[in-house]
Structures are given as C-alpha cells and as structure tokens.
Asker: 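Here it is: the structure, laid out below.
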Protein chains: 2
Amino acid sequence: MPQPSAPRKTPGRPPRISREEVIATARRIVDAEGVDRLTMRRLATEIGSTPMALYHHVRNKEELLVLLLDDYAARALHRPELPAQPRERIVAAAAAIHEALAACPWIAEVLTADDLMSTSALWFVEQILDGLVESGLTPERAVHGYRTIWYYTAGEIVVRTTAARRRADDDGPTYRERVFADLDPNELPRLAQVADRWAPLTAENTYLDGLRALIDGLLAAH
Amino acid sequence: MPQPSAPRKTPGRPPRISREEVIATARRIVDAEGVDRLTMRRLATEIGSTPMALYHHVRNKEELLVLLLDDYAARALHRPELPAQPRERIVAAAAAIHEALAACPWIAEVLTADDLMSTSALWFVEQILDGLVESGLTPERAVHGYRTIWYYTAGEIVVRTTAARRRADDDGPTYRERVFADLDPNELPRLAQVADRWAPLTAENTYLDGLRALIDGLLAAH
DNA sequence: ACCTGAACACCGTTCAAGT
DNA sequence: ACCTGAACACCGTTCAAGT
C-alpha cells in the first residue's frame, strides 16, 4: 500500500487525484446507482478527469472492485463481542459476515472468489477457525469447515440477491413460475405438493437455521 | 414453447434460422471459448446472420443464457439409480447436481438465481425433498433444507470457479497471498498457523464432506 | 510522475425499412 | 413473419504525446 500523505520529493508532475479519491468516488456511484453503473468512463467524469488518469491509480477495473470491497469491509465489519462458547462464537462470526454482505447486494456479483477477503474480514475467519479447533477439530479440518461455511454463506448471498434482482427486472411470470405451473404431480409429487408455496417458502430468510444445521454437522462427534 | 417443426401456414416470410439453431450455435461458442466470448454479434456472424435476427428468436441475451443452461441441464443430467436409504439418496442427488455444474464452469456466472433450474434438474430436487420428508421433516422444512443444500452447492461452484479463473488470469501473487504474507501471529494465531497451507487446503475438493455434514445437521433429531 | 486526446476494438439493443 | 442496415449509446484499455 502506498503512503499518499507522505512528503514527496516531487520529481515530476504533482498528482491531481489520489487512489483514495478514486475509491471514494467509486463507492459513491455504487451506493447511489448500483455496481452496473460503475464504469471507468463514468467514474472519470464524476471525478472530473479522464478515463486514462484512473489507470494511474488502479491497475484495472477488476482491481478497483477488489479495493472497493476491501474499503467496504473495513467500514462495515466492526468487531462485536462474541460468545465464549465455541459453537455460538462460530455462529455469531459467520452471521456477522453474512449480515455485512447481505446489506450490500452489489458485493455478491463482485466477490465470490476466495482470495479477496479483506484484512478486516480475517478477524472473523479467525474466530470461526478458533471455534472449530476449540471444538476438537484439527487445524486442517477447521480450514475445511470454515470453507464449507463460506461456501454456504456466499451461495446464500449470491442466490438470494440474483433472485431478487431478476424479480425486480421483469415483471412478467418468472421462468420458475412457468415451469411450476405444469408440474406432473405423479412424476414429481413432493414438488407439486409445495409448488404454490415455493415462492414464499424460499423467500424466507433461513440462513441462521441452515448455518446452525451445518455447524452441528461439522461438530458432530467432536 | 413454440413448435418449430409443426407445419406452417406460411403467412409470411419463411424463417432462415431457428431458436434451436441459435441455442446450438451459442453452445458451440461457449464450449469452445467460454461464456465471455458469447456475444450477440459474434453469435450472429457464426450463424451467418445479423445481430437483429437473433432477437426474433430470443427475447434478449439474458433469455439466451437461460435457454442455454436449460439445454445443458437437459443433456448433462441423466437420471442415475439412487440409493433407497433417504440420507444417501439426498447425498447422491445433490452430488449429481454438483458434478454436472462443476463440469461446466461458465454455468456459475450465469446461473446463481433460484428460478432457473431446468425441468430436468427438478427430478433431483424432488429426490432431495423426498429424502428429507422420508427422514421426518415437514414439507416446509424439507424445502428449507433443500434450499440450504442448494446455497451450499451453488456457493461451492461459484467460489471455486471464480477462484480458478482469477488464478489463471494474473500470474502474479494473489491478493490473498499478499495479505497472508504479513499476518500478525499474535492477533490472528489460527490463521497464521495455517497460512502457508491455506492454498492447498482450500483447493482440496471437500464438497462431499461438507455436504454430508450439512445433511447430518439437517436430519439431526429426526 | 502524472495526465490528456484520440483511437482501437468492441458491446446490447432499437428503429424503420425491406422482402 | 422474418430479416437487414444503420444507428444509438455505450464499454475497457492502449498508445503516443503533452506538462
């Protein structure tokens, strides 16, 4: 990370914009209008510069999005008091990550990779690992357990926000509705049985229930 | 769904291309060069037509991708013999869906919504629901259980394929590597302990272990 | 060292017209 | 009914030049 406020020996033209300003402006656009509207050109005009000037402060758009996510995590994830009991600490840490991500729908499209967790998020990862190890798992199995929780958490966010976006986009009957309308109750009886309740049932927020089930399963026999 | 092979009364110009041809050509492009290279213009030239002709057969690019996924599911998901024992049937059905999706990395970017499961995939959903109900869950809880499994499965695919793509893209040190390089062992001891093994550990395919833990948790006390 | 202008090589989609 | 040409309103990124 560069030191933007460090005294410069000015061996060249003084900078007009900073990496911080680029990120802050990008955040404003994303918060106000969504991640789709964040383009390098738009960002440049917003900042009162040209698209090319941006490339002097971030490598490309991908890096900009990573920096943006980091910036978001740093301000959204404040460290709460976590329960002392390991299982409950895991639940609370995972739920905190989930809550922060869920409050920020654009994040789902950006960050599904495993190597973009910001430094501020790592403290939560640490708590989860610690809870798993304290519950009797080896460090290796604890990493696998954490990953399982992360897959579940990321999947929940991505699936739910994509579904919500799609619902908002077209107001006609969804693809699912058309498929569910002509289900054969003989061939798929269980689905037919719940077909008309599918939308409300799947819209329910059952993240915590699923998380507890998952953690119960991970800790079973330990 | 239209009947493309039905006899026509030809009250107009005869079609030169069909929806099936559009989808088949799109599939060829995606299989050969990845989903990023599938553009309406590219597809039009490949098919020997113009971009606008495509819009007569699919509503827009989004619908094309949905149709493409459906087409893929229809040919990738053949129904295997599933175990009679409910828990093992759930595992096998979820694993079959996971295997089909994992073999098709482009799918992750396209299909993370909940209402795009094709008709052919529904049979697997049915098996999971049935296994959960047979294990003692109410139909409502079975739907929630299925969703939890789907979140986990979709998350695993999305996270792993995005990570793989990112690894392939830039050959420099990843963001995670830079962050992990200067972890404070006093503040984040568990992470520091596994920091150098993180990459291989998280690269391991532990989908089935996680799935079994999740299902154990869902079925606990039933 | 930092910024600019102009260009490259594209996108998805709409509109009005043709056959 | 189906297809075409031309256009609209954009993209991310590179290159060579300016200060």
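Because only heavy atoms are used, hydrogens play no part in the values below, and waters and symmetry mates are left out as well, while side chains stay in.
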Asker: In this structure, is the centre-to-centre distance between the rings of A:Y151 and B:Y151 below 6.0 Å?
Answerer: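 Centroid separation for B:Y151 and A:Y151: 6.0 Å or greater.
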Asker: In dot-bracket form, how is DNA chain D paired, counting a Watson-Crick or G-U wobble pair only if both its distances are under 3.5 Å and using | for bases paired to another strand?
Answerer: ||.|||||...|||||.||
Asker: My understanding is that only residues two or more places apart in sequence, or in another chain, count here; which of them pass salt bridge (Lys or Arg N to Asp or Glu O under 4.0 Å) with B:E187?
Answerer: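 Partners of B:E187 by the salt bridge (Lys or Arg N to Asp or Glu O under 4.0 Å) criterion, ordered by chain and then number, come out as A:R79.
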Asker: Applying side-chain hydrogen bond (donor to acceptor under 3.5 Å, both in side chains), can you list everything that pairs with B:Y55, at least two apart in sequence or on another chain?
Answerer: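 Checked B:Y55 against side-chain hydrogen bond (donor to acceptor under 3.5 Å, both in side chains); zero matches.
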Asker: When you compare the protein's N or O atoms with those of nucleotides 17-19 of chain D, which come within less than 3.5 Å of each other, and at what distance?
Answerer:
{"residue": "D:dG18", "atom": "N2", "partner": "A:R13", "partner atom": "NH1", "Å": "2.5"}

Asker: Could you tell me which residues satisfy side-chain hydrogen bond (donor to acceptor under 3.5 Å, both in side chains) with B:R37, sequence neighbours excluded, listed by chain and number?
Answerer: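 Applying side-chain hydrogen bond (donor to acceptor under 3.5 Å, both in side chains) to B:R37 gives B:E33.
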Asker: In chain order, what residues pass the salt bridge (Lys or Arg N to Asp or Glu O under 4.0 Å) check against B:R141, with sequence neighbours excluded?
Answerer: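 Result, salt bridge (Lys or Arg N to Asp or Glu O under 4.0 Å) vs B:R141: none returned.
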Asker: Please encode protein proximity along nucleotides 8-16 of chain D as a string of B, S and -, counting only heavy-atom distances under 4.0 Å.
Answerer: ---BBBBB-
Asker: Report the relative orientation of the aromatic rings in A:Y152 and A:Y207; use parallel for angles under 30°, tilted for 30 to 60°, perpendicular for over 60°.
Answerer: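 Because their plane-to-plane angle is under 30°, the rings of A:Y152 and A:Y207 count as parallel.
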Asker: I'd like to check the salt bridge (Lys or Arg N to Asp or Glu O under 4.0 Å) partners of A:D209; sequence neighbours left out, ordered by chain and number.
Answerer: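 Salt bridge (Lys or Arg N to Asp or Glu O under 4.0 Å) list for A:D209, sorted by chain: empty.
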Asker: Would you say D:dC3 has OP1 or OP2 under 4.0 Å from some side-chain N or O of B:S49?
Answerer: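 False: B:S49 side-chain N/O out of range (4.0 Å or more) of D:dC3 OP1/OP2.
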Asker: Applying salt bridge (Lys or Arg N to Asp or Glu O under 4.0 Å), which residue pairs with at least one partner in residues 45-54 of chain A are found, sequence neighbours left out?
Answerer: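 For residues 45-54 of chain A: A:R42-A:E46.
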Asker: Going by the rule side-chain hydrogen bond (donor to acceptor under 3.5 Å, both in side chains), which residues pair with A:R197 if we only count those two or more places apart in sequence or in a different chain?
Answerer: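 Once residues adjacent in sequence are excluded, the partners of A:R197 under the side-chain hydrogen bond (donor to acceptor under 3.5 Å, both in side chains) criterion are B:E140.
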Asker: Not counting sequence neighbours, which residues clear side-chain hydrogen bond (donor to acceptor under 3.5 Å, both in side chains) with B:H57? List them please.
Answerer: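 Result, side-chain hydrogen bond (donor to acceptor under 3.5 Å, both in side chains) vs B:H57: none returned.
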Asker: P atom, D:dC8 versus C:dA9: distance in rounded Å?
Answerer: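 Comparing P positions in D:dC8 and C:dA9 gives a spacing of 22 Å.
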Asker: So if I take every side-chain heavy atom of A:H56 and compare against C:dT4, D:dC2, C:dC3, which nucleotide ends up nearest?
Answerer: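 Selected nucleotide: C:dC3.
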Asker: May I ask you to verify if any side-chain N or O of B:H57 is less than 4.0 angstrom from the OP1 or OP2 atom of D:dC2?
Answerer: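 Looking at the OP1 and OP2 atoms of D:dC2, neither is under 4.0 Å from any side-chain N or O of B:H57.
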Asker: What is the separation between atom CZ on A:R19 and atom C1' on C:dA1, rounded to the nearest whole Å?
Answerer: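 After rounding, the gap between these two atoms is 16 Å.
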Asker: Please identify each residue that fulfils salt bridge (Lys or Arg N to Asp or Glu O under 4.0 Å) with A:R27, with sequence neighbours left out.
Answerer: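 Residues passing salt bridge (Lys or Arg N to Asp or Glu O under 4.0 Å) with A:R27: A:D71.
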